[in-house]
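Every heavy atom of this structure was used, including side-chain atoms; hydrogens, water molecules and symmetry mates were not. Read the numbers this way: they start at 1 and go in the same order the structure lists the ligands and their atoms. Everything numeric here is computed off the predicted structure, so don't read it as measured data. Numbers here are sequence positions counted from 1.
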Amino acid sequence: MSRFAYVNGRYLPFRDARVHVEDRGYQFADSIYEVCEVRGGRLIDERRHLERLQRSLKEICISMPMSVRALGIILREVVSRNRIGYGIVYMQITRGVARRDHAFPSPLTLPSVVVTARLLNMSRNEALAERGIAVVSVADDRWSRVDIKTTGLLPNVLARQHAIEQGARDAWFIDKEGMVTEASSANAWIVTSDGVLVTRHADRAILRGITRTVVFEVIKAKSLSVEERPFTLEEAYGAREAFITSASQIVLPVIRIDGRTVGDGKPGPVAMELRREFHRYAEAG
Ligand code: PLP
């Protein structure tokens, strides 16, 4: 089946979808992105993702190139042209095309907008969640504003590759104080031996995940105990459960950290319940 992408005002066959060599997204990672889950052809938590997109743009002084409503129409059009029942829709906004120079280009430079979508395999993702994943720890050597969702993801790329080379699926970043910040493209959580859910507070050292936010609503509705605070790797090794959250994987149990078994080495009941309940609390539009 042919794929389509939206590039600066046009819906193009995927193979023809390209940006200019002097696009600042390409030259400097001077750009912001978002990823929404698509389920039953509907966008999950679009409102929150587009709010975060606007916040990220504001933080790096790029103006929103169109209304939220117009962007929503494009997202739906890309989802529908690509016949996505279950998958993801990706959007990226860059500072636009200009002669390569670190300083911002003329304010008349139009931001570039790209939207793509692709299918995910639901049974494969469910099977992965039933098995759980292994993670390894890596030093968090990212910049100090990872709360902004920029495409400057080289440390995340290197961390993920390192994890794969170690036979794991993902990496957990550890800050200079020895605290877990987050995973390479997800938020990190544990359930302590006392049954308390713990995830780092959303400061500038993590991305405030939309999935994380909705999981907090599930936790509240189920009256589970939760603490937003940093936790150490040692605490994670000794946890009853561990998991990660992201738009594409929702809640994914972690069963091994640095080769050590978490809990009984199986996906934990709390993580699996949060995974099952998630879409009752997320917005579908
Ligand atoms: N942290 C990082 C570094 C990410 O890249 C992501 C998602 O891409 C997340 C956390 C989770 O965010 P969300 O739940 O909005 O997908």
Side-chain angles (χ1 to χ4, degrees), residues 29 31-39 43-57 59 75 86-93 116-118 120 125 129 133 135-163 169-175 179-190 197-219 228 230-231 242-254 271 274-275 277-279 281-285:
S31 57
I32 294 301
Y33 76 106
E34 272 298 331
V35 178
C36 277
E37 186 194 19
V38 179
R39 201 169 259 249
L43 269 62
I44 304 301
D45 287 318
E46 175 193 10
R47 178 185 60 83
R48 288 189 176 99
H49 282 281
L50 294 189
E51 274 171 18
R52 187 174 64 187
L53 178 81
Q54 291 174 87
R55 175 188 181 271
S56 295
L57 287 170
E59 291 296 320
L75 298 178
Y86 172 60
I88 49 168
V89 60
Y90 173 93
M91 68 211 85
Q92 183 176 341
I93 300 177
T116 58
R118 72 177 166 89
L120 292 178
N125 281 354
I133 62 161
V135 301
V136 291
S137 58
V138 296
D140 194 341
D141 49 8
R142 299 174 299 163
W143 76 321
S144 56
R145 288 306 309 274
V146 298
D147 58 307
I148 307 172
K149 199 165 168 68
T150 80
T151 60
L153 293 172
L154 187 55
N156 311 58
V157 166
L158 297 178
R160 176 73 64 81
Q161 183 60 26
H162 172 74
R169 175 107 188 170
D170 204 352
W172 275 18
F173 286 120
I174 312 299
D175 70 12
M179 301 293 179
V180 175
T181 52
E182 59 183 338
S184 72
S185 62
N187 291 115
W189 298 70
I190 56 170
L197 282 141
V198 182
T199 195
R200 191 189 177 94
H201 54 290
D203 54 6
R204 289 181 169 188
I206 66 163
L207 182 75
R208 186 192 287 268
I210 302 303
T211 318
R212 175 186 182 283
T213 301
V214 176
V215 163
F216 269 103
E217 289 191 7
V218 186
I219 289 169
E228 268 185 283
F231 61 90
F243 60 92
I244 56 174
T245 55
S246 71
S248 57
Q249 294 288 355
I250 307 303
V251 176
L252 187 56
V254 170
L274 294 172
R275 182 180 175 86
E277 292 291 306
F278 181 85
H279 288 97
Y281 295 84
E283 294 170 3

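Residues forming a side-chain hydrogen bond (donor to acceptor under 3.5 Å, both in side chains) with Asp170 (at least two apart in sequence, or on another chain): Arg160, Ser184. A search for side-chain hydrogen bond (donor to acceptor under 3.5 Å, both in side chains) contacts involving Glu277 returns Lys222, Arg280, not counting sequence neighbours. Every residue meeting the side-chain hydrogen bond (donor to acceptor under 3.5 Å, both in side chains) condition with Glu46, not counting sequence neighbours, appears here in chain and number order: Arg76.
Taking CD1 from Ile133 and CG from Leu252, the interatomic distance works out to 4.5 Å, rounded to the nearest 0.5 Å.
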Taking a 3.5 Å cut-off between nitrogen or oxygen atoms, can you list every pair linking ligand 1 to the protein, with distances?
unit_1: ligand 1; atom_1: 1 (N); unit_2: Glu182; atom_2: OE1; d: 2.6
unit_1: ligand 1; atom_1: 8 (O); unit_2: Lys149; atom_2: NZ; d: 2.8
unit_1: ligand 1; atom_1: 14 (O); unit_2: Ile210; atom_2: N; d: 3.3
unit_1: ligand 1; atom_1: 14 (O); unit_2: Thr211; atom_2: N; d: 3.0
unit_1: ligand 1; atom_1: 14 (O); unit_2: Thr211; atom_2: OG1; d: 2.6
unit_1: ligand 1; atom_1: 15 (O); unit_2: Arg52; atom_2: NH1; d: 2.9
unit_1: ligand 1; atom_1: 15 (O); unit_2: Arg52; atom_2: NH2; d: 2.9
unit_1: ligand 1; atom_1: 15 (O); unit_2: Ile210; atom_2: N; d: 2.8
unit_1: ligand 1; atom_1: 16 (O); unit_2: Ala247; atom_2: N; d: 2.9

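For the pair Arg48 (side chain) and Thr211 (backbone), a donor-acceptor distance under 3.5 Å is absent.
By the 6.0 Å contact criterion, CZ on Arg208 is open, its count of non-hydrogen atoms from other residues, nucleotides or ligands being 12 or less.
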